[in-house]
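Notes follow once the structure below has been shown.
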Amino acid sequence: MMAAMQWGIWAFLLWPCLFTVCIPLDCKEEQGSLSRCPSITQEKLLDRVIQHAELIYRVSEESCSLFEEMFVPFPMRLQRNQAGYACITKTLHIPTSKSEIQQISDKWLLHSVLMLVQSWIEPLVYLQTTLDRYDNAPDMLLNKTKWVSDKLISLEQGVVVLIKKMLDEGMMPTNYSEQGQLQYDVQPEMMESILKDYTILSCFKKDAHKMETFLKLLKCRQTDPNNCA
């Protein structure tokens, strides 16, 4: 009961912030194509993208914790870690160590974010359909995953515009191997299904943190390049 009350308080405090801070990121011309957003400065556009990434990571943390609390017994949490379930973005060429991240260019920071965002759009849509089949799944969990899924598309649009605005170039190829993708057409047993969804939530939380970290490093390079740790 106490946990439910705490989640209710968090929902009350968080949701107004989510809907007011996350203003649309994409800028469209009359024909509907993405423009270079002449009405907004590059600095403000980057700030908006970072705000979206921060909120997406925050809500992904809450979604993962809520799912864990509701559906995942402690032994299963250890089992997921020991079983070596692969994240769907494992095959992407994304820097992981601090030294690698520091060495990549602004160009690859942005394209790494874009690859991560695009690789998660479909899995999060799938996750919504599986969570709908859970008995007694709280509306808060369903709402959070739906919100993250919608905002991820908005973040993708913002990053695309930012790439064009900052780098003055067309899009680089962002294809990634499908070998690391989870097979969504398989209907596993309930315990395996829980582990599968738990893995998706956990992996997305990690990748959402990467998106936020990369974007903040990019911001630091724009404002204080000599002091970006």
> Any luck finding a side-chain donor-acceptor pair between Q118 and E156 under 3.5 Å?
Replying inline: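 Judged by distance alone, the side chains do pair up.
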Identify whether [X] and [Y] are in the same connected component of the hydrophobic contact network (ILVMFWY, side-chain heavy atoms under 4.5 Å).
X	Y	value
I50	F214	yes
V125	Y198	no
Y57	L217	no
M166	V49	yes

Over all atoms of both residues, closest heavy-atom pair of [X] and [Y]:
X	Y	value
R221	Q103	NH2-N, 4.5 Å
I88	P123	CD1-CG, 3.2 Å
P138	L66	CG-CD2, 4.2 Å
C228	Q102	O-OE1, 3.4 Å

From [X] [atom1] over to [Y] [atom2], what is the distance, rounded to the nearest 0.5 angstrom?
X	Y	atom1	atom2	result
L109	I104	CG	CD1	4.0 Å
L110	D106	CG	CG	7.0 Å
L141	E69	CG	CD	11.0 Å
I94	E100	CD1	CD	11.0 Å
I121	L116	CD1	CG	11.5 Å
H111	S105	NE2	OG	8.5 Å

>> Could you go through L46 and L162, starting from their C-alpha distance and side-chain angles, then the distance that decides it, and tell me whether this counts as side-chain contact (heavy atoms from CB on, under 4.5 Å)?
In response: CA-CA 7 Å; L46 178 56; L162 192 60; 3.6 Å; yes
> Is D224 reaching over with its side chain to a backbone N or O of C220, donor-acceptor style, under 3.5 angstrom?
Replying inline: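 Side chain of D224 to backbone of C220, a donor-acceptor pair under 3.5 Å: no, none is there.
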> With distance as the sole test, does E212 use its side chain to make a donor-acceptor pair with the main-chain N or O of H209 at under 3.5 Å?
Replying inline: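 Between the backbone of H209 and the side chain of E212 there is no qualifying donor-acceptor contact (under 3.5 Å).
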Taking the side chain as every heavy atom from C-beta outward, state whether [X] and [Y] have any pair of such atoms under 4.5 Å apart.
X	Y	value
Q42	Q222	yes
F204	I56	yes
D197	Y126	yes
K144	V148	no
K219	E43	yes

> Stepwise, does the side-chain contact (heavy atoms from CB on, under 4.5 Å) test hold for C203 with T89?
Replying inline: CA-CA 8 Å; C203 289; T89 53; 5.9 Å; no
>> side-chain contact (heavy atoms from CB on, under 4.5 Å), that's the test. Do V113 and V117 meet it? Break it down for me.
In response: CA-CA 6 Å; V113 173; V117 170; 4.2 Å; yes
>> Tell me whether K44 is salt-bridged to D47, with the criterion being a basic N under 4.0 Å from an acidic carboxylate O.
In response: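 The answer is no: the pair does not qualify as a salt bridge.
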> Does the pair E54/R58 count as a salt bridge with the N-to-O cut at 4.0 Å?
Replying inline: no
> Hey, do the aromatic rings of Y134 and F67 have their centres closer than 6.0 Å?
Replying inline: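 Ring centres of F67 and Y134 closer than 6.0 Å.
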> For I163 and V159, what are the C-alpha separation, side-chain angles and deciding distance, and is it a side-chain contact (heavy atoms from CB on, under 4.5 Å)?
Replying inline: CA-CA 6 Å; I163 288 174; V159 173; 4.0 Å; yes
